[in-house]
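Single-structure report; data block below.
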Protein chains: 2
Amino acid sequence: MLPRVNSAAIRRLNMVRVFHALRENPNCAQRDLSRLTGLDKATTSAIVARMIEEGLVERSEAPRARRIGRPETALGIAPSAGLLVGARLEPGTIRIVATTLAGTVVEQSQIPGSTDLATALRRLHEGIDAVVAASRPEDGAAPPPLRGIGIGIPALMDREGRLVLAPNLGWRDTPIRPLLEEALGAPVHVDNDTKAAAMAERLFGACRGVEDFVYLTGHSGVGGGLFLGGRLYRGAQGFAGEIGHLTVVPGGRPCGCGKRGCLETYVSETSILAQAGERGRVLPDLWAAAAAAREGDPVLRTLLEEAGSHLGFALSHLVNLANPGLVVLGGNLSIVAAFILPALNAALDEHALEPLRRDLRLVVSPLGPDAVPMGGIALAMDGFLSVPSPIL
Amino acid sequence: MLPRVNSAAIRRLNMVRVFHALRENPNCAQRDLSRLTGLDKATTSAIVARMIEEGLVERSEAPRARRIGRPETALGIAPSAGLLVGARLEPGTIRIVATTLAGTVVEQSQIPGSTDLATALRRLHEGIDAVVAASRPEDGAAPPPLRGIGIGIPALMDREGRLVLAPNLGWRDTPIRPLLEEALGAPVHVDNDTKAAAMAERLFGACRGVEDFVYLTGHSGVGGGLFLGGRLYRGAQGFAGEIGHLTVVPGGRPCGCGKRGCLETYVSETSILAQAGERGRVLPDLWAAAAAAREGDPVLRTLLEEAGSHLGFALSHLVNLANPGLVVLGGNLSIVAAFILPALNAALDEHALEPLRRDLRLVVSPLGPDAVPMGGIALAMDGFLSVPSPIL
DNA sequence: GCGAATTAGATAGACGGTCTAACAAATCGA
DNA sequence: TCGATTTGTTAGACCGTCTATCTAATTCGC
């Protein structure tokens with residue numbers, strides 16, 4: 001059943017618009033918010049007054065003089081209004097960030113992970129407590145309340161937020177959200193790490209204001225986050241974006257999914273290192289692979305070129321189907337971006353339709369390794385603002 | 001700039017909900033509308049009263065007795081409230097339907113098409129006039145007003161509704177909507193034929209109530225209509241869904257797009273007939289191809305099996321990326337569906353991820369050749385209801 | 001037959017949004 | 001000091017939905 005649309009819904013919707021306008025334009029005046037949101041200045045006045053009353057927004061002390069007329073007062077999301085926590089849960093490490101409600105990072109940490117569910121959750125819990133404790137304001141004022149927690153996990157999550165399968169962690173069918181919510185005592189949002197990272201790029205990274213883009217990342221597998229028509233797209237079951245299992249070489253390298261020739265047997269960090277090993281180059285990680293390529297090692301050069309070619313071929317399918325305006329290379333892919341991009345672009349030229357290819361922009365993620373935990377922040381922010389989903 | 005969200009917007013939104021609930025459940029009572037839309041019965045009462053006042057809805061004369069209590073009065077979209085016209089514009093033929101606002105067909109016709117722009121538009125104009133004239137009620141009452149016209153064209157249309165390129169018609173960069181609107185004197189909506197057909201399946205066909213599905217069709221090319229997250233998805237430039245140009249055989253048959261091995265060089269009506277000819281079977285159309293296959297012709301059997309295999313391979317990419325819950329085979333593909341489905345399913349089994357494949361339903365379009373003109377109706381209906389786009 | 005029960009639908013009033021229009025506030029420039 | 005200019009507030013109109021109550025029309029039990 002669709003949520004009811006009544007005056008409460010429209011108030012929330014307009015409040016969220018004002019919030020994001022203010023988040024993206026810190027220290028702007030009420031007048032600017034009117035222009036940005038399209039709301040009448042009287043409406044803006046009412047909404048801002050309410051947000052100030054709720055402690056969500058604060059006025060700067062000093063009015064800013066303009067050329068002529070009454071000076072404007074700058075507004076901003078109050079740092080004391082609350083704290084959001086984002087986390088990235090991986091087998092080896094857990095990365096945690098704390099931000100203001102506006103998404104400004106105030107604290108971060110990295111702790112060891114675990115493939116044991118109880119251990120991982122305990123460490124996550126302790127890590128979050130520590131980060132929140134460290135986020136206390138210096139002047140000894142009351143700590144901002146924890147408003148929400150968002151966590152990105154390398155796992156298939158269904159549309160209800162249930163963990164279906166996490167091969168790297170060895171977990172399956174785990175009601176991870178309730179487990180965490182009970183332990184942490186704040187609203188918890190859990191999502192696939194790539195989808196979370198895509199949200200981060202949209203709110204804080206390279207895709208601000210972009211309505212249709214694709215986020216690509218590659219660790220143990222290759223994941224795609226589809227942001228389509230102004231929303232993160234999840235698919236009928238919540239599994240959309242599985243670009244890593246497109247068949248790029250029929251009958252090719254065997255994949256963990258049981259098929260052969262999947263993209264991620266050629267392009268993920270794991271598979272690139274494996275292939276390097278097969279060709280006599282034992283390397284610890286992609287940084288080493290990038291270093292070797294930078295020094296001119298022909299094996300790595302060729303390997304990364306092949307990877308770029310396969311990725312470009314798979315990406316061309318996505319481009320022809322979804323016609324995104326922007327593709328972001330993120331995660332570990334950004335480490336080797338310089339060496340895969342030429343072949344990737346060539347493959348796109350060869351396989352993507354010209355009018356779709358022509359207007360396609362391709363960028364390397366500015367968030368880098370922070371994309372997933374910041375995606376947790378994005379999830380938590382969305383949850384805090386909690387717009388009933390079918391609206392906007 | 002996003003449209004303003006105010007009380008007028010929420011009224012329209014709720015009115016549209018009531019309209020669609022009533023369209024999908026003809027002769028239901030006001031009480032049922034409340035349940036279907038989630039609106040309070042008082043709200044429903046107000047909305048229905050207003051729609052009756054506007055002539056959009058009418059009450060049936062006879063109240064329907066229930067087991068106990070006051071009998072309910074059946075409601076329906078008034079046939080006299082207006083007429084919608086949908087058309088399919090092809091080089092050879094123009095197909096036109098007229099329906100009530102509820103989408104009930106009241107008249108249809110088929111006239112010759114033309115690749116000359118002026119001729120085609122003139123014939124379309126005359127054909128629509130004729131169909132509208134023939135739709136007069138038998139009792140000699142005033143004819144319902146023409147509320148909108150929707151047209152599906154085999155063309156790349158940009159997001160502003162401008163015709164960018166129509167290879168089969170030989171048109172490019174044509175402001176077709178203004179041309180038609182001036183001539184026809186009613187709101188005109190023009191869109192890609194496949195996207196229109198997908199809308200028809202959603203409103204009137206196999207996809208009623210389905211939020212994420214893919215519509216596939218194949219005439220001169222192979223097109224895909226993506227309906228994602230409850231909306232027709234257009235992509236950054238409006239070109240989304242070009243499944244026909246996925247590379248399925250690297251270095252394969254040359255395609256009109258300049259590349260090689262595109263899906264549509266194996267699966268479209270044109271290419272199937274061409275391949276049949278190369279193998280010594282000269283056939284006029286897909287009906288003949290289906291007939292030959294039905295009679296056991298091994299050449300056609302093999303050919304269609306290969307087509308199914310290629311289509312399934314390309315579709316597996318779409319499934320892995322978009323995770324649709326339903327795939328509809330429409331247009332000319334439905335003619336040969338019986339002979340391509342086994343290989344198509346096998347290719348999906350081989351190349352689509354198991355959890356995504358498992359819950360995927362595949363159906364043949366119930367609308368068949370009417371999908372495109374009914375898609376025009378869907379466009380016109382959407383336009384008539386004109387919900388500001390970012391809402392719902 | 002007749003009143004109680006039951007269900008559909010209408011109505012009154014509360015409530016809560018945004019918008020228009022007028023007003024108050026704060027500055028610049030002459 | 002006064003008018004012009006621009007920002008921000010306020011009063012009131014307007015228009016939605018929602019709650020609560022009322023009316024209408026029927027069946028059921030007796």
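What's counted below: heavy atoms across the whole structure, side chains too, no hydrogens, waters or symmetry copies. Convention: sequence-line order gives letters A, B, ...; per-chain numbering from 1.
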Thr99(A): partners by side-chain hydrogen bond (donor to acceptor under 3.5 Å, both in side chains), with sequence neighbours left out: none
field: Over all atoms of both residues, closest heavy-atom pair of Gly152(A) and Ala196(A)
entry: CA-CB, 4.4 Å
task: First locate atom OG of Ser60(B), then atom CD of Glu72(B), and finally report the distance between them rounded to the nearest 0.5 Å.
output: 9.5 Å
- prompt: Rounding to a whole Å, what distance do you find between Asn14(B):CG and dC18(D):P?
  reply: 7 Å
field: Least distance between heavy atoms, Arg17(B) atom then Pro3(A) atom
entry: NH1-O, 3.1 Å
- prompt: Listed in order of residue number, which residues of residues 68-77 of chain B have a non-hydrogen atom at under 4.0 Å from DNA chain D?
  reply: Ile68(B), Gly69(B), Arg70(B), Pro71(B)
- request: Please determine if Asp32(B) and Lys41(B) form a salt bridge, counting it only when a charged side-chain N lies under 4.0 Å from a carboxylate O.
  value: no
- prompt: Where along residues 20-31 of chain B does a heavy atom come under 4.0 Å from DNA chain C, residue by residue in number order?
  reply: Ala29(B), Gln30(B), Arg31(B)
query: Is there side-chain contact between Ile149(B) and His189(B), with heavy atoms separated by less than 4.5 Å?
result: no
- request: Search all heavy atoms of Thr44(B) against all heavy atoms of Ser34(B) and return the closest pair with its distance.
  value: OG1-OG, 2.9 Å
Between dT6(D) (P) and Arg35(A) (CZ): distance, integer Å: 10 Å
- request: Could you tell me the separation between the CG atom of Leu385(A) and the CG atom of Leu13(A), rounded to the nearest 0.5 Å?
  value: 11.0 Å
DNA chain C: 5'-proximal contact among Arg11(A) and Ala42(A) (nearest heavy atom): Arg11(A)
- prompt: To the nearest angstrom, how far is Asp40(B) atom CG from dC18(D) atom C1'?
  reply: 6 Å
message: Checking Tyr233(B) against Asp212(A) for the side-chain hydrogen bond (donor to acceptor under 3.5 Å, both in side chains) test, could you report, in this order, the C-alpha distance in whole Å, the side-chain angles of both residues, the deciding distance, and whether it holds?
response: CA-CA 10 Å; Tyr233(B) 177 65; Asp212(A) 304 282; 3.0 Å; yes
- request: Under 4.0 Å from any heavy atom of chain B: name the first and the last nucleotide of DNA chain C that qualifies, 5' to 3'.
  value: dT6(C) to dC19(C)
- request: Nearest 0.5 Å please: distance from the CZ atom of Phe204(B) over to the CE atom of Met199(B).
  value: 8.5 Å
- prompt: In chain order, what residues pass the side-chain contact (heavy atoms from CB on, under 4.5 Å) check against Arg147(B), with sequence neighbours excluded?
  reply: Leu84(B), Leu101(B), Pro145(B), Phe384(B)
task: For dG16(D), take OP1 and OP2 only and decide whether either is under 4.0 Å from a side-chain N or O of Ser7(A).
output: no
task: Check whether any side-chain heavy atom of Met15(A) sits under 4.5 Å from a side-chain heavy atom of Met51(A), and report yes or no.
output: yes
- request: May I ask you to list the residues of residues 45-56 of chain B, by number, that have any heavy atom positioned under 4.0 Å from an atom of DNA chain D?
  value: Ile47(B), Arg50(B)
message: Salt bridge check, Arg202(A) against Glu211(A): does any charged N sit closer than 4.0 Å to a carboxylate O?
response: yes
